[in-house]
Trainee: 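Let me begin by handing over the structure; questions about it come next.
Indexing begins at 1, ligand by ligand and atom by atom, following the structure's order. These numbers come from a predicted model, not from an experiment. If you read the sequence from its start, that first residue is 1, and numbering goes on from there. Values reported hereafter were calculated over all heavy atoms of this structure, with side chains retained and with hydrogens, waters and symmetry mates removed.
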Amino acid sequence: MNQSSNSPVTQQKQWDYGDTDELVCELCRHFYSLGWASGTGGGISIRDEDGIHVAPSGVQKERISPEDVFLLDARVLDRAEVLRPAANSNLRMSECTPLFMAAYRLRNAGAVLHSHSIWAMLTAHLCSHNGEPGVFRSCNLEMQKGLRGRGCFETVEVPIIPNTPRESQLTDSLTVAIEANPDVDAVIVAGHGVYVWGKDWGHAKTQAECYDYLFRAVVEAHRLGLPIHLENP
Ligand SMILES: [Zn+2]
């Protein structure tokens, strides 16, 4: 990320877009193919040495270009301080940004993903019938080993928080859920999707895929009448 140093201020600024911006676009296409970012939903952010790269809001996520990606100051985590806007001034930063910042601030995350996966939504509905706060649980599944500190022969729990009309209004309840569950790198939003983070983008992606597998496993097991633990205590 470098601003052209000798440009008169009256000229349009020239920005560099790098590998991390390309990666944001690649992952948006991948997550779209998984059904995590259809209908302009979902979001992604990745931190590197330049700052926090964030996809734009309300756009076809599978079609964004590197110059559509915002860059935020990673030294300021209690708000979004833009270092480099998207080239198109009509684009807005992701609605998820305050939620992403909570995971960066509270967990020192290297990347934070937001998925609108139907499996996350359905599993939340199974565990929290009316969209109230709840807990997702799975147990004895091999894919649990892809989650930080988890083995296959134990119980995984993920907090569920109620949805809100605007994404940014989730920030307070997501913050409370993150602080109350230090061993968990995800928060499910009822009727909506899931936020997942990791120490870097690969770790976040791996954990997001493993969580999605667990969500789907619980939903499909319920459909088949198989005894996977579903109910809140
Ligand atoms: Zn969302």
Side-chain angles (χ1 to χ4, degrees), residues 23-47 52-64 68-70 72 77 79-80 86 91-107 109 111-128 130-136 158-178 181 184-198 201 204-205 207-216 219:
L23 182 59
V24 167
C25 300
E26 177 189 335
L27 291 174
C28 279
R29 291 192 293 272
H30 176 59
F31 294 156
Y32 178 82
S33 73
L34 293 173
W36 294 4
S38 57
T40 77
I44 181 170
S45 66
I46 300 173
R47 174 153 63 176
I52 297 172
H53 303 250
V54 184
S57 179
V59 300
Q60 309 291 327
K61 294 292 192 301
E62 74 281 15
R63 295 175 60 85
I64 66 168
D68 297 333
V69 177
F70 290 77
L72 308 183
L77 297 178
R79 63 185 186 281
L91 291 178
R92 291 175 293 111
M93 199 163 40
S94 172
E95 284 273 324
C96 313
T97 301
L99 299 114
F100 292 157
M101 299 307 271
Y104 288 115
R105 185 173 66 252
L106 298 169
R107 291 299 185 76
V112 190
L113 315 178
H114 174 46
S115 156
H116 279 194
S117 162
I118 196 166
W119 304 115
M121 185 279 290
L122 285 174
T123 208
H125 195 65
L126 278 176
C127 302
S128 164
N130 298 311
E132 69 276 19
V135 179
F136 163 87
V158 183
I160 301 170
I161 60 175
N163 202 12
T164 54
R166 297 294 302 269
E167 197 102 26
S168 60
Q169 294 170 331
L170 293 167
T171 306
D172 288 348
S173 56
L174 183 112
T175 298
V176 169
I178 290 175
N181 296 274
V184 183
D185 292 338
V187 175
I188 298 168
V189 184
H192 183 157
V194 63
Y195 282 81
V196 183
W197 54 91
W201 72 267
K205 176 175 175 289
Q207 295 207 106
E209 290 170 350
C210 289
Y211 276 121
D212 203 61
Y213 178 100
L214 301 180
F215 301 156
R216 182 174 184 174
V219 170

Trainee: Only one of Leu23, Leu72, Val69 clears side-chain contact (heavy atoms from CB on, under 4.5 Å) with His53; which?
Mentor: Val69
Trainee: From the Zn ion (ligand 1) out to just under 2.8 Å, does an N/O/S atom of Glu167 turn up?
Mentor: yes
Trainee: When the ring centroid of Phe215 is compared with that of Trp119, is the distance short of 6.0 Å?
Mentor: no
Trainee: Verify, without hydrogens or angle tests, whether His114 (side chain) and Val196 (backbone) share a donor-acceptor contact under 3.5 angstrom.
Mentor: no
Trainee: Angle at the Zn ion (ligand 1), NE2 of His192 to NE2 of His114, rounded to 10 degrees, please.
Mentor: 100°
Trainee: Establish, from distance only, whether the side-chain atoms of Tyr211 and Ser117 form a donor-acceptor pair under 3.5 Å.
Mentor: no
Trainee: Do any of the N/O/S atoms of Cys96, backbone or side chain, fall under 2.8 Å from the Zn ion (ligand 1)?
Mentor: no
